[in-house]
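Down below is the structure, laid out as structure tokens.
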Amino acid sequence: MRHPLITTALVAAIAGSALASSQAFAAYGKGDIYTRIGVAKVKPDSDNGSLMGGTMDTDVHDDNGFAFTLGYRFHDKFGVELLAAEPFEHDVDLNVGGTDIGASVEHLPPTLTVQYYPFGGTEARVQPYVGLGVNYTHFSDEDIALEGADLDLEESWGWAGQAGLDLIIDDHWAANMAVWYLDIDSDVDLNGDDIGEIEVDPYVIMAGISYRF
């Protein structure tokens, strides 16, 4: 079944195409400063690893939230973009011997990518792009359903990949859809003891609008 965010992006793209006139607009390229705003779904990998020497399986659940980017095109075909968002909160199942121990954690995943636009410098209404960069993730508000227990997830650095599409409406506005893959692995401490590493490794799928200043 098609993901709801993908459906939203397709509807936005069709609406943008209907609104766009045949009037020429300024080419997208060098010197452009833009922002993209939308709703993002963070979907962790289906296998999040195990803790405590393999005796505790982990399952990190999805979350949705508001996200935005800020970008700059330093060349017709190349640019940089920073992804930011409100904190995402994930429920985490910790399974020990068939018994789930509930936990939760919030994280912020700012991500910087260098992007390539194959149609940059042209007036093409469809502007795809790909990017590669680095992700930093800060975890906070860790909680676990064990009386007196203290759960802590360490910050994470990892690589990031990105693909996206702008459907140009006019000189300033575009419909946008983008997806990132983030390499997020965090060392986990329980009551101050290192119990292993959790692998979040999510896809971030965002649908929204883009504004060029």
Side-chain angles (χ1 to χ4, degrees), residues 3-6 36 38-71 80-115 130-164 178-207:
H3 194 285
L5 285 178
I6 296 177
R36 295 175 174 128
V39 176
K41 183 178 188 68
V42 178
K43 185 175 180 59
D45 186 70
S46 58
D47 181 7
N48 304 125
S50 58
L51 304 171
M52 300 185 68
T55 62
M56 177 184 286
D57 294 326
T58 63
D59 182 18
V60 184
H61 292 216
D62 301 353
D63 190 35
N64 302 320
F66 170 77
F68 65 94
T69 72
L70 183 64
V80 292
E81 184 178 55
L82 177 66
L83 167 67
E86 64 178 342
F88 293 101
E89 182 176 0
H90 298 275
D91 291 329
V92 182
D93 293 334
L94 305 175
N95 186 284
V96 181
T99 300
D100 281 332
I101 302 171
S104 65
V105 62
E106 290 188 1
H107 83 279
L108 280 172
T111 301
L112 183 67
T113 54
V114 176
Q115 301 168 313
V130 293
L132 188 65
V134 63
N135 163 260
Y136 166 76
T137 300
H138 173 73
F139 295 92
S140 62
D141 292 338
E142 299 96 326
D143 188 38
I144 186 171
L146 288 175
E147 186 69 28
D150 180 31
L151 181 70
D152 183 61
L153 274 69
E154 302 293 331
E155 64 185 16
S156 167
W157 288 91
W159 68 274
Q162 177 193 25
V179 59
W180 291 258
Y181 176 79
L182 308 181
D183 176 31
I184 302 177
D185 301 326
S186 174
D187 291 329
V188 182
D189 294 338
L190 184 63
N191 296 328
D193 296 325
D194 183 0
I195 61 171
E197 183 180 74
I198 192 168
E199 300 170 359
V200 184
D201 297 341
Y203 286 95
V204 179
I205 306 166
M206 186 176 86

Which atoms form the tightest heavy-atom contact between I184 and S156, and what is the distance? CA-OG, 3.6 Å

Taking D201 as the fixed residue, which of D47, D185, V60, N48 is the one that meets the side-chain contact (heavy atoms from CB on, under 4.5 Å) rule? D185

Atom pair CG/CH2 of N135 and W180 - distance to nearest 0.5 Å: 11.5 Å

NZ on K43 to CD1 on I205, rounded to 0.5 Å: 7.5 Å

If I compare all heavy atoms of A160 with all of T111, which pair ends up nearest, and what's the gap? CB-CG2, 3.5 Å

Spacing of E86 atom CD and E106 atom CD [to the nearest 0.5 Å]: 9.5 Å

Do side-chain atoms of E199 reach the backbone of G49 as a donor and acceptor pair under 3.5 angstrom? no

Quick one: which of D59, D100, D57 gives a side-chain hydrogen bond (donor to acceptor under 3.5 Å, both in side chains) with N95? D100

Mind telling me whether W159 and Y181 have parallel, tilted or perpendicular rings, with 30° and 60° as the class edges? tilted

Can you tell if the side chain of Q162 reaches within under 4.5 Å of the side chain of L83, non-hydrogen atoms only? no

Return the minimal non-hydrogen interatomic distance between L108 and A85, and the atom names on each side. CD2-O, 3.2 Å

Which value, rounded to the nearest 0.5 Å, describes the distance between I198 atom CD1 and D187 atom CG? 11.0 Å

With a 3.5 Å distance limit and no angle check, can you tell me whether D45 reaches the backbone of V200 through a side-chain donor-acceptor pair? no

Which pair of non-hydrogen atoms, one from V204 and one from A40, has the smallest distance, and what is that distance? CG1-CB, 4.0 Å

Please round to the nearest 0.5 Å and tell me the distance separating atom CE of M52 and atom OG1 of T58. 13.0 Å

If you take all heavy atoms of G161 and L132, which pair is closest and at what distance? CA-CD1, 4.4 Å

Begin from the C-alpha positions of L153 and L151 and carry the test side chain to side chain contact (heavy atoms under 4.5 Å, CB included) through to its verdict. CA-CA 7 Å; L153 274 69; L151 181 70; 4.1 Å; yes

Would L70 and F68 count as a side chain to side chain contact (heavy atoms under 4.5 Å, CB included) here? Give the steps. CA-CA 7 Å; L70 183 64; F68 65 94; 5.7 Å; no

Start with the C-alpha distance between L190 and V188, add both sets of side-chain angles, then the distance that settles side chain to side chain contact (heavy atoms under 4.5 Å, CB included), and finish with yes or no. CA-CA 7 Å; L190 184 63; V188 182; 5.7 Å; no

Which heavy atom of N64 sits nearest to which heavy atom of K41, and what is that distance? OD1-CG, 3.1 Å

Check: H138 main-chain N/O paired with S140 side-chain donor or acceptor under 3.5 Å: no

Under the 3.5 angstrom rule, does the side chain of D63 hit a backbone N or O of H90 as a donor-acceptor pair? no

So does E154 get a backbone contact from the side chain of S186, meaning a donor-acceptor N/O pair under 3.5 Å? yes

Using 0.5 Å steps for rounding, measure from the CG atom of D193 to the CG atom of D152. 12.0 Å

What's the verdict on side chain to side chain contact (heavy atoms under 4.5 Å, CB included) for T137 and L182, showing C-alpha distance, side-chain angles and the deciding distance? CA-CA 9 Å; T137 300; L182 308 181; 5.6 Å; no

Is the shortest heavy-atom distance from the side chain of H61 to the side chain of D93 under 4.5 Å? yes

Would you sort out whether D150 and N191 count as a side chain to side chain donor-acceptor pair (under 3.5 Å), showing the intermediate values? CA-CA 5 Å; D150 180 31; N191 296 328; over 6 Å; no

